[in-house]
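Sequence positions, counted from 1, serve as the residue numbers for this chain. Reckoned from all heavy atoms, side chains included, excluding hydrogens, waters and symmetry mates.
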Amino acid sequence: MLGVVCINVTRNLLFVLCLQYCSKMADDDDLETGAYKWEGEYEKTWEALREDESGSIQTSIDDIVQGAKRRRLLERPTNVRLGMMRHLYVVIDMSNVMNDQDLRPTRQLCTLKLMEQFIEEYFDQNPISQIGLIVASNKRAKKLTDLSGNFRRHIAAILEAREIVCTGDASLQNSLVLCLKSLRHMPAHTSREVLIILGSLTTCDPGDINATIQQLKASNIRCSVIGLAAEVYICSKLCKETGGKYEVIIDESHYRDILLHFVNPPPAMPNSESSLIRMGFPYHELSSSGSSAEMPSVCMCHLDNTCGQGFGSKGYFCPQCKSKYCELPVECKACGLTLVLAPHLARSYHHLFPLELSKEVKISECLPDITHCYSCLSKFRDETLYRCEQCFSIFCMDCDLFSHETLHSCPGCANKPPDMH
């Protein structure tokens, strides 16, 4: 009888907890939309597909794809202060759920493959920023790499992570605490961010995660989550409290689009400081022989390395304390000066003054002799084209996206003399 009573009490307790959780979710939905989720109407997404004269829906599909690609440019914030010096920790779930095969070949391998692309694109768009990697498994959080601006080190760590066996449960709180310990000491004028890739629907935490969320909020640390399975309430609360974004993927293609969305620098936090930053431009010693060569020494990047890597006379030397480094950008460990190269600052310039969006025009509005894209010289196949408002050159959609996301300059404006603009 005692066993039956205990079981009934446990069931009732679980039932009450489920009711409280559903009530909380319903309250949130009620506040946001004014109605419960289950009271809303069906989203009739199939109505967006229209057949053309030949009975094909390919035209509608192409329009949807074009709209999705174009939306990335339209969603970028304008006339806002951006956090261009970023310190980002990426937390990767390595619990047993990452062995699932809903992403091919597994969630783990698919995530690591996309992370390689993300890291390369991140440093291409944010040359004076840093990134670090953390894995969460067996209720613990472990650093793969510290915050660094050397993308090769992070790529090597990602390749080694393929051999990690995904076991146990993920701990969201332990991962956040580990990020908090490092990011809270970063300069106040930088952007402190955490991006969590979570495949688990549960988290095994040692304490009150709500207190940890408040500490992150007080430290101006923006937390974002990419869910691989479904939306989790605590992740939604974490993102809402810290000013981050919460996205749940649909498939691998959608996963990649969401991940690359975090490449662009986010708007700066409202209470972040503004200050002038002292930067040093180190001189680069290339020759290891001759009278002007520096004395062989170990670079500051590899002080803890016992294999002899980083020893020699080549490297970048701090103009203030003469400390040697083999990679840039970096903060000098001896004098604290931020060491960069001129191209790093030049590549960050386009975030301050982005290329103006092109105007959408129909092919029927163009002159009869304009039948090919100004950039790739291919014949127009789409009805919607894009015109630069400065030089009035006409581009196809792919070239327009390439100009805004990669070149950050208009090929037509760059090819014409200033007096013809």
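Residues F262 and I226 meet the side-chain proximity criterion, which asks for heavy atoms closer than 4.5 Å. Considering only heavy atoms from C-beta on, C410 stays 4.5 Å or farther from Q390 through its side chain. The shortest side-chain heavy-atom distance between Q130 and T190 does not fall under the 4.5 Å cut-off. L183 is listed as a side-chain neighbour of L147, based on a closest heavy-atom distance under 4.5 Å. At a threshold of 4.5 Å between non-hydrogen side-chain atoms, the residues S148 and E327 count as touching. Put simply, the side chain of Y325 reaches to within 4.5 Å of the side chain of C332, judged on heavy atoms. A heavy-atom distance below 4.5 Å is found between the side chains of S403 and P411. Side-chain contact between I277 and M85 is present, with at least one heavy-atom pair separated by less than 4.5 Å.
Residue pairs meeting the salt bridge (Lys or Arg N to Asp or Glu O under 4.0 Å) criterion with at least one partner in residues 209-223, sequence neighbours excluded, are K217-E241.
A donor and an acceptor atom, one from each side chain of S95 and D93, are located under 3.5 Å apart. T203 and D205 share a side-chain donor-acceptor pair at under 3.5 Å. At a cut-off of 3.5 Å, with distance as the only test, a side-chain donor of K143 or Y89 sits close to an acceptor on the other residue.
We find the CG-NZ distance between D382 and K362 to be 10.0 Å, quoted to the nearest 0.5 Å. The structure places CD of E193 at 12.0 Å from CG of N220, a figure rounded to the nearest 0.5 Å. I158 contributes atom CD1, which lies 5.0 Å from atom CG of L133 (distance to the nearest 0.5 angstrom). The distance from the CG atom of N174 to the OG atom of S137 is 11.0 Å, given to the nearest 0.5 Å. Between atom CD1 of residue I213 and atom CG of residue L172 there is a gap of 7.5 Å, rounded to the nearest 0.5 Å. We find the CG-CG distance between L407 and L401 to be 11.5 Å, quoted to the nearest 0.5 Å.
Proximity of a side-chain donor or acceptor of S171 to a complementary backbone N or O of C204 within less than 3.5 Å is detected. Of the possible donor and acceptor atoms, none in the side chain of Q320 sits under 3.5 Å from a partner among the backbone N and O of A334. Using modelled atom types, one side-chain atom of Q125 and one backbone atom of E405 make a donor-acceptor pair closer than 3.5 Å. The backbone N or O of D208 lies less than 3.5 Å from a partner atom in the side chain of Q173, making a donor-acceptor pair. Listed for the R192 side chain is a donor-acceptor partner under 3.5 Å among the backbone atoms of S219. Between the S224 side chain and the K245 main chain, a donor and an acceptor come within less than 3.5 Å of each other. For Y246 (side chain) and V232 (main-chain N/O), a donor-acceptor pair under 3.5 Å exists by modelled atom type.
Few gaps surround CZ on R162; more than 12 heavy atoms of other groups in view lie less than 6.0 Å from it.
Across all non-hydrogen atoms, the minimal contact from N99 to T106 is O-CG2, 3.9 Å. The minimum heavy-atom distance between H154 and I131, with the atom names listed, is CE1-O, 2.9 Å. When all heavy atoms of L355 and S409 are compared, the closest pair comes out as CD2-C, 3.8 Å. Pairing each heavy atom of N126 with each of V263, the nearest pair is ND2-O, 2.8 Å. Taking both residues in full, the closest heavy atoms of K322 and F317 are given as O-CD2, 3.7 Å, listed atom of the first, atom of the second, then distance.
Partners of T202 under the side-chain hydrogen bond (donor to acceptor under 3.5 Å, both in side chains) rule, at least two apart in sequence or in another chain, are S200. Remark: E389 pairs with R387 by the salt bridge (Lys or Arg N to Asp or Glu O under 4.0 Å) rule, at least two apart or across chains.
Relative orientation of the Y374 and F395 rings is perpendicular, given thresholds of 30° and 60° on the angle between their planes.
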Check the pair K113, E252 against salt bridge (Lys or Arg N to Asp or Glu O under 4.0 Å), reporting the backbone distance first and the verdict last.
CA-CA 11 Å; K113 179 182 66 175; E252 183 176 347; 2.9 Å; yes
